[in-house]
Amino acid sequence: MESRRNNFIWLVMSLLVVTGSVMAQEEEKVYLPESSQYKDPTTKVWVNTYGKIRIGKRLFWDAQTHFRFQETEETPFIGQIGQIYNRHAIGYIYSKKVNFSLGGVVRINFNTDEDSEDRNVVPEWRIWHQYQFAQPLYTAMIYHRIRIEHRWTQSFVENSDYIYRNRWRYMFRAKVPLNSHKLKPKTFYVSPEAELIMQSGKEVVGSAMEDLRLTTTFGYIATPRLTFAAGLMYSQGQDLVNAGYFKQTWTMRFHMYYSPDFRRVKKKLPSIHLDD
């Protein structure tokens, strides 16, 4: 009798474990839509600074700070602060047209969901390395940029775990002078740009295309060390949770490029093509 009771208890416990496992698997299922679904576009405004500070014959400090705003229901278009980037690296000048960079990123993410009860701010950490190549084409300059990022991200849910992903980025960019035959001070230019950002990692299931960015920028070269630019970017990419849904964004971007060089004149190399 005792043996039968023990067997019955063991059977009930086994069924509970199996049922719980099946329910957990059901909760993890993500059902793709019958066709790709595009979410309504959101609007953003980015204010960015890019510094290329020479610190040696072949070395420079790549110092970038970005302030990114995202629309909310109460404040359309510009909205509220969404992210603050601090991206820094040490760069190496291989030649006038080739340079490399290696560094880290601290991104502060702000919760822009007005109905959310989760945390308002979480940090994000990245290691990045970049390979940039420039080539002249008639009066224009063409840039090819390969950037690889290793990122650790966390949701706004309290005590949520960090997830690790890799980003694989390729950007093609042109700078075409408008009122001159070369890119020099007092010159206006137009800069079309396309960048494809892919991602990989255990959490990436089907949503490999994180972002496709198409941008047109107009700029003004004020001095050899200072340039201002502004443009409009359209982007779309797959949602990380469900690859059948695509996010869309329209972004106004404002840039300032500065490149101080505090070395003595005799130690300076000829000008190089470092523009990001």
Side-chain angles (χ1 to χ4, degrees), residues 20 23-33 36-49 64-88 103-128 147-169 195 197-213 233-254:
M23 291 178 65
Q25 292 180 6
E26 287 292 331
E27 291 178 357
E28 293 175 0
K29 283 186 177 180
V30 175
Y31 295 95
L32 293 173
S36 297
Q37 302 293 318
Y38 283 81
K39 298 181 179 180
D40 293 334
T42 59
T43 59
K44 299 180 179 181
V45 174
W46 294 358
V47 180
N48 310 320
T49 64
Q64 303 179 22
T65 304
H66 301 174
F67 299 90
R68 300 183 174 182
F69 300 83
Q70 181 172 326
E71 71 171 346
T72 62
E73 291 185 4
E74 292 187 358
T75 311
F77 190 65
I78 294 180
Q80 70 177 58
I81 187 71
Q83 298 93 29
I84 297 177
Y85 273 79
N86 274 291
R87 179 186 285 125
H88 297 271
V105 179
V106 178
R107 188 175 97 161
I108 307 301
N109 296 318
F110 296 85
N111 192 347
T112 57
D113 184 355
E114 296 169 316
D115 298 324
S116 174
E117 297 181 356
D118 297 320
R119 292 178 296 175
N120 292 322
V121 182
V122 296
E124 177 179 325
W125 312 94
R126 299 182 187 179
I127 297 172
W128 66 292
R147 179 182 292 175
I148 302 171
E149 297 175 334
H150 314 284
R151 64 190 301 203
W152 289 264
T153 61
Q154 188 182 36
S155 73
F156 292 104
V157 178
E158 192 71 39
N159 298 321
S160 58
D161 294 329
Y162 278 95
I163 65 172
Y164 173 77
R165 285 174 287 166
N166 293 306
R167 301 177 94 203
W168 314 90
R169 305 174 58 169
E195 182 176 23
I197 303 177
M198 306 294 287
Q199 63 178 338
S200 62
K202 290 183 178 180
E203 301 293 331
V204 181
V205 182
S207 53
M209 193 187 84
E210 183 178 355
D211 223 0
L212 173 63
R213 300 176 176 178
M233 178 180 75
Y234 169 77
S235 63
Q236 64 170 255
Q238 291 175 290
D239 188 279
L240 179 62
V241 177
N242 191 321
Y245 289 86
F246 285 76
K247 300 169 292 183
Q248 300 183 90
T249 305
W250 289 98
T251 305
M252 289 291 297
R253 305 202 304 180
F254 301 91

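Computed from heavy atoms alone, side chains included, the values below leave out hydrogens, waters and symmetry copies.
The distance from atom CE of Met233 to atom CE of Met252, rounded to the nearest 0.5 Å, is 11.5 Å. Taking OG1 of Thr42 as the reference point, atom CH2 of Trp250 lies at 11.5 Å (rounded to 0.5 Å). Residue His66 holds its NE2 atom at 4.0 Å from CG of Asn48, rounded to the nearest 0.5 Å. The distance from atom CZ of Arg167 to atom CG of Asp211, rounded to the nearest 0.5 Å, is 7.0 Å. A distance of 12.0 Å separates CZ of Arg253 from NZ of Lys44, quoted to the nearest 0.5 Å. With values rounded to the nearest 0.5 angstrom, Phe69 atom CZ is found 9.5 Å from Phe110 atom CZ.
Between the side chain of Thr112 and the backbone N or O of Gln70, no donor-acceptor pair lies under 3.5 Å. The backbone N or O of Ser155 lies less than 3.5 Å from a partner atom in the side chain of Arg119, making a donor-acceptor pair. Panel note: side chain Asn166, backbone Ser200; no donor-acceptor pair is recorded below 3.5 Å. For the pair Thr49 (side chain) and Thr65 (backbone), a donor-acceptor distance under 3.5 Å is present. For Glu210 (side chain) and Leu240 (main-chain N/O), no donor-acceptor pair under 3.5 Å exists by modelled atom type.
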Q: Run the numbers on Glu71 and Thr43 for side-chain hydrogen bond (donor to acceptor under 3.5 Å, both in side chains), then give the verdict.
A: CA-CA 6 Å; Glu71 71 171 346; Thr43 59; 3.2 Å; yes
**Q.** Chi angles and distances behind the side chain to side chain contact (heavy atoms under 4.5 Å, CB included) call for Tyr234, Thr249
**A.** CA-CA 6 Å; Tyr234 169 77; Thr249 305; over 6 Å; no
Q: Go through the steps to decide whether Arg147 and Trp128 satisfy the test side chain to side chain contact (heavy atoms under 4.5 Å, CB included), and finish with yes or no.
A: CA-CA 7 Å; Arg147 179 182 292 175; Trp128 66 292; 3.7 Å; yes
Q: Could you walk me through whether Arg68 and Gln83 pass the side-chain hydrogen bond (donor to acceptor under 3.5 Å, both in side chains) test, one step at a time?
A: CA-CA 5 Å; Arg68 300 183 174 182; Gln83 298 93 29; 5.1 Å; no
Q) side chain to side chain contact (heavy atoms under 4.5 Å, CB included) between Arg126 and Arg87: does it pass, once the steps are laid out? A) CA-CA 9 Å; Arg126 299 182 187 179; Arg87 179 186 285 125; 4.1 Å; yes
Q: Apply the test salt bridge (Lys or Arg N to Asp or Glu O under 4.0 Å) to residues Glu124 and Arg151: give CA-CA distance (whole Å), side-chain angles for both, the deciding distance (0.1 Å), then the verdict.
A: CA-CA 7 Å; Glu124 177 179 325; Arg151 64 190 301 203; 3.0 Å; yes
Q: Might you work through the side chain to side chain contact (heavy atoms under 4.5 Å, CB included) test for Tyr85 and Gln64, ending with a clear yes or no?
A: CA-CA 8 Å; Tyr85 273 79; Gln64 303 179 22; over 6 Å; no
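Within a 6.0 Å sphere centred on CH2 of Trp152, other residues, nucleotides and ligands contribute more than 12 heavy atoms.
The two residues Ala243 and Val205 have their closest heavy-atom pair at CB-O, 4.3 Å. Heavy atoms only, all atoms of each residue included: Gln154 and Val122 are closest at O-CG2, 3.7 Å. Closest non-hydrogen pair, Pro123 versus Tyr162, comes out as CG-OH, 3.5 Å. In terms of heavy-atom proximity, Phe156 sits nearest to Asn120 at CE2-O, 3.8 Å. A pairwise comparison of heavy atoms in Gln238 and Lys247 identifies O-CE, 3.8 Å as the closest pair. Here the closest heavy-atom approach between residue Ser207 and residue Asp239 is recorded as CB-O, 3.3 Å.
Taking the six-membered ring for Trp and thresholds of 30 and 60 degrees, His150 and Tyr164 have nearly parallel ring planes, at less than 30 degrees apart.
Looking at heavy atoms from C-beta onward, Trp125 lies in side-chain contact with Val106 at the 4.5 angstrom threshold.
Under 4.0 Å is where a charged nitrogen must lie from a carboxylate oxygen, and between Arg169 and Glu195 at least one such pair does.
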